Amino acid sequence: MISCNALISFPLFLLLLLLHGAECEDPYRFFTWKVTYGDIYPLGIKQQGILINGQFPGPQIDAVTNDNLVINVFNYLREPFLISWNGLQHRRNSWQDGVFGTNCPILPGRNFTYNLQVKDQIGSYFYFPSLGMQKAAGAFGGIRISSRPKIPIPFPTPAGDFTVLAGDWFKTDFHKLRRLLEIGHNLPFPDGLLINGHGWNGYTFTVDQGKTYRFRISNVGLATSINFRIQGHKMKLVEVEGSHTLQNIYSSLDIHLGQSYSVLVTADQPPQDYYVVVSTRFTRRILTTTAVLHYSNSFKAVSGPVPSGPTLDIVSSLSQARSIRWNLTASGPRPNPQGSYHYGMITPSRTIMLANSAPFINGKQRYAVNSVSYLTPDTPLKLADYFNIAGVFYVGSIPSYPTGGNAYFQTSVMGANFREFVEIVFQNWEDSVQSWHIDGYSFFVVGFGSGQWTAASRDSYNLRDTVARCTTQVYPRSWTAIYMALDNVGMWNIRSEDWGRQYLGQQLYLRVFTSSNSWRDENPVPRNALLCGRARGRRTRPF
Ligand SMILES: *[C@@H]1O[C@H](CO)[C@@H](O)[C@H](O)[C@H]1NC(C)=O
Ligand SMILES: *[C@@H]1O[C@H](CO)[C@@H](O)[C@H](O)[C@H]1NC(C)=O
């Protein structure tokens with residue numbers, strides 16, 4: 001059967017036909033993105049933003065499980081640029097991840113075509129610019145991956161599907177924020193919050209009374225956890241970063257940096273306008289912003305006090321986190337999401353513990369993992385690895401357990417074997433909430449607990465129905481434990497989603513390795529790979 005997307009070109013179609021016989025590849029979707037500066041006024045004052053095709057936030061990506069996305073990014077900025085894809089797994093293909101550990105920057109006036117496949121994925125994610133502090137200027141946008149038509153979703157098709165990109169915002173120019181970090185400060189407290197690029201009541205979601213809508217909310221901010229709620233309405237949680245959840249009802253939802261949630265909201269209230277509210281969580285000063293939920297038959301503008309949400313309280317956040325569980329009978333990208341194995345039945349072969357800290361090194365504020373503050377090399381790690389360029393990094397340059405020693409700079413790469421099943425404990429001794437993200441993977445968040453993690457902490461794990469996701473929070477003076485099947489060969493970024501911390505060293509790379517050298521396990525270097533640093537002038541192997 002030929003089921004090619006009509007978008008693919010005829011010669012390519014013929015080639016695919018030759019290669020694959022009558023059975024065609026998964027559909028292709030093509031995008032051309034022009035990245036430019038542009039004036040934006042999100043908090044009422046003019047700022048230099050980064051726009052994609054003239055838009056802030058950037059355009060939405062809509063895809064279906066297994067689609068191939070061909071995204072040609074043209075950099076019209078006066079500085080290098082890269083886009084990364086929060087939550088896309090890039091199976092066998094860390095070449096497309098778009099962080100400096102895997103890709104050379106797209107230089108001003110140049111372009112790079114990402115070839116991604118959203119293989120075996122569903123759910124809500126976002127993309128963002130990964131270099132410098134460009135994320136403080138825009139160039140982020142929503143990604144939604146729908147199930148294939150024949151795979152049932154565990155709720156009726158909503159009447160509408162809204163993307164909510166929310167997060168803190170700074171009035172300070174992003175170059176200035178970067179300089180602040182570089183001279184040894186952390187970021188200041190944010191100036192406000194935005195919803196889809198707008199401040200107070202600047203954005204409107206229009207609904208018809210009686211209908212149910214999906215809201216996909218991502219925290220695209222730089223520094224603070226947020227709480228999301230809708231005046232007078234309940235939210236039914238249905239999906240977390242690709243996992244269909246038990247459909248619990250919440251009146252508000254904590255969303256930590258880099259996280260994404262889908263909720264269903266029924267417009268079942270009297271026809272008027274309601275506040276959609278986002279406020280900062282765990283901050284002494286509380287920032288709040290609102291958008292409008294507008295009933296199409298409404299005759300009354302938003303009114304009354306903006307509903308307040310939880311602020312400093314951690315216990316309620318923790319119990320909400322524990323209540324978020326997987327619906328074991330719901331389909332995922334495939335009808336049987338767990339396949340023939342269940343994460344709780346496997347004993348990890350190895351425990352890794354990652355402890356964050358905020359040391360001063362040479363009198364400057366830095367951030368570290370297991371005492372190592374990540375030092376950006378001159379050549380992407382993935383390219384150095386591929387071309388066997390010595391001296392860029394070495395595997396094992398970060399301990400797998402905190403040492404308690406003095407902090408130091410290092411291009412930290414942890415080694416791991418393909419098909420290992422690992423337990424990773426994020427240990428947080430600081431007073432702030434941490435948010436950790438792992439590229440290329442979806443992991444099972446098996447436990448949250450306070451104090452020091454010990455082997456006995458395992459007794460409290462949820463080995464039955466926790467969600468698989470790509471970003472998890474770690475509460476102050478607490479730990480979070482995850483299980484992860486290392487089924488994706490590549491060089492993968494593990495990072496703080498707190499952007500100042502990430503920029504000042506709270507990140508590392510996990511090199512998931514196999515000696516097989518087979519294209520079944522890892523894609524070859526792309527023909528269009530950009531080469532820089534000590535990889536400049538090397539030849540990529542032809543396909
Ligand atoms: C830049 O864009 C052109 C098409 O305009 C494309 O052929 C080329 O492969 C792109 N360059 C890279 C490095 O992807
Ligand atoms: C789980 O998913 C199934 C299958 O789609 C659905 O019928 C059921 O209502 C869901 N259960 C809960 C508690 O969300």
Side-chain angles (χ1 to χ4, degrees), residues 7-9 11-12 15 28-35 52-53 68-77 80-85 90 93 95-98 102-117 122-123 146-158 212 214 234-240 242-250 253 261-266 322-338 342 380 382-383 462 464-468 523-532 535-543:
L7 285 172
I8 93 167
S9 70
L12 181 62
L15 181 71
Y28 280 75
R29 291 174 197 262
F30 295 91
F31 303 82
T32 302
W33 281 2
K34 295 194 163 79
V35 181
I52 297 178
N53 293 349
N68 293 288
L69 308 179
V70 181
I71 307 170
N72 198 349
V73 178
F74 289 80
N75 178 11
Y76 292 105
L77 308 178
F81 182 81
L82 272 179
I83 279 189
S84 189
W85 321 89
H90 310 296
N93 203 0
W95 301 109
Q96 309 295 334
D97 199 25
T102 57
N103 293 72
C104 293
I106 309 169
L107 295 177
R110 307 295 291 271
N111 69 297
F112 174 68
T113 309
Y114 290 87
N115 278 286
L116 320 173
Q117 188 180 17
I122 55 161
S146 310
S147 303
R148 283 169 291 169
K150 283 183 187 146
I151 312 259
I153 52 170
F155 46 88
T157 304
T212 298
R214 183 172 183 168
K234 297 276 183 228
M235 303 183 286
K236 185 191 270 189
L237 185 70
V238 292
E239 180 251 340
V240 173
S243 296
H244 282 137
T245 61
L246 291 185
Q247 295 174 6
N248 300 330
I249 306 290
Y250 298 92
L253 208 53
Y261 287 90
S262 285
V263 296
L264 298 182
V265 177
T266 301
R322 288 192 174 127
S323 73
I324 295 172
R325 290 181 292 147
W326 199 0
N327 181 341
L328 297 174
T329 57
S331 299
R334 300 163 186 259
N336 176 8
Q338 305 215 32
H342 185 281
K382 185 72 202 149
L383 291 170
N462 176 354
R464 204 186 101 75
D465 62 355
T466 191
V467 285
N523 288 7
V525 62
R527 271 175 303 182
N528 67 338
L530 302 175
L531 301 176
C532 58
R536 185 174 289 130
R538 305 272 177 148
R539 283 175 60 114
T540 55
R541 179 178 52 188
F543 272 94

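For ligands, and for the atoms within them, numbers begin at 1 and follow the listed sequence. Quantities reported herein were computed from a predicted structural model and do not represent experimental measurements. Values below: all heavy atoms of this structure, side chains included; hydrogens, waters and symmetry mates excluded.
Nearest protein heavy-atom contact of atom 2 (O) of ligand 2 is Asn327 ND2, 2.2 Å. Nearest non-hydrogen protein atom to atom 5 (O) of ligand 2 is Pro154 CB, 3.2 Å. Ranking protein heavy atoms by distance to atom 13 (C) of ligand 2, first place goes to Leu246 CD2, 3.8 Å. Among all protein heavy atoms, the one lying closest to atom 14 (O) of ligand 2 is Gln247 N, 3.1 Å.
Remark: Asn327 CG to Glu239 CD distance equals 13.0 Å, nearest 0.5 Å.
When all heavy atoms of Trp95 and Asn103 are compared, the closest pair comes out as O-ND2, 2.9 Å. Closest approach of Asn75 to Phe81, counting heavy atoms only: ND2-CB, 3.5 Å. Between Phe155 and Arg214, the shortest heavy-atom distance links the atoms CZ-NH1, 3.5 Å.
Every atom of ligand 1 is numbered from 1 in the order shown, and the set under 4.0 Å from a heavy atom of Asn111 is 1 (C), 2 (O), 3 (C), 8 (C), 10 (C), 11 (N), 12 (C), 13 (C). Every atom of ligand 2 with a heavy atom of Thr329 under 4.0 Å away is listed here by number and element: 1 (C), 2 (O), 3 (C). Using a 4.0 Å cut-off to heavy atoms of Asn72, the atoms of ligand 1 that qualify are 1 (C), 2 (O), 3 (C), 4 (C), 5 (O). Short contacts between ligand 1 and Phe74, defined as distances under 4.0 Å to a heavy atom of the residue, involve ligand atoms 2 (O), 5 (O).
For atom 9 (O) of ligand 2, no protein heavy-atom neighbour is found at a distance under 4.0 Å.
Looking only at side-chain heavy atoms (C-beta outward), Leu77 and Pro108 stay at 4.5 Å or farther from each other. Put simply, the side chain of Cys104 reaches to within 4.5 Å of the side chain of Leu383, judged on heavy atoms.
Heavy atoms of other residues, nucleotides or ligands lying less than 6.0 angstrom from CZ of Arg110 number 12 at most.
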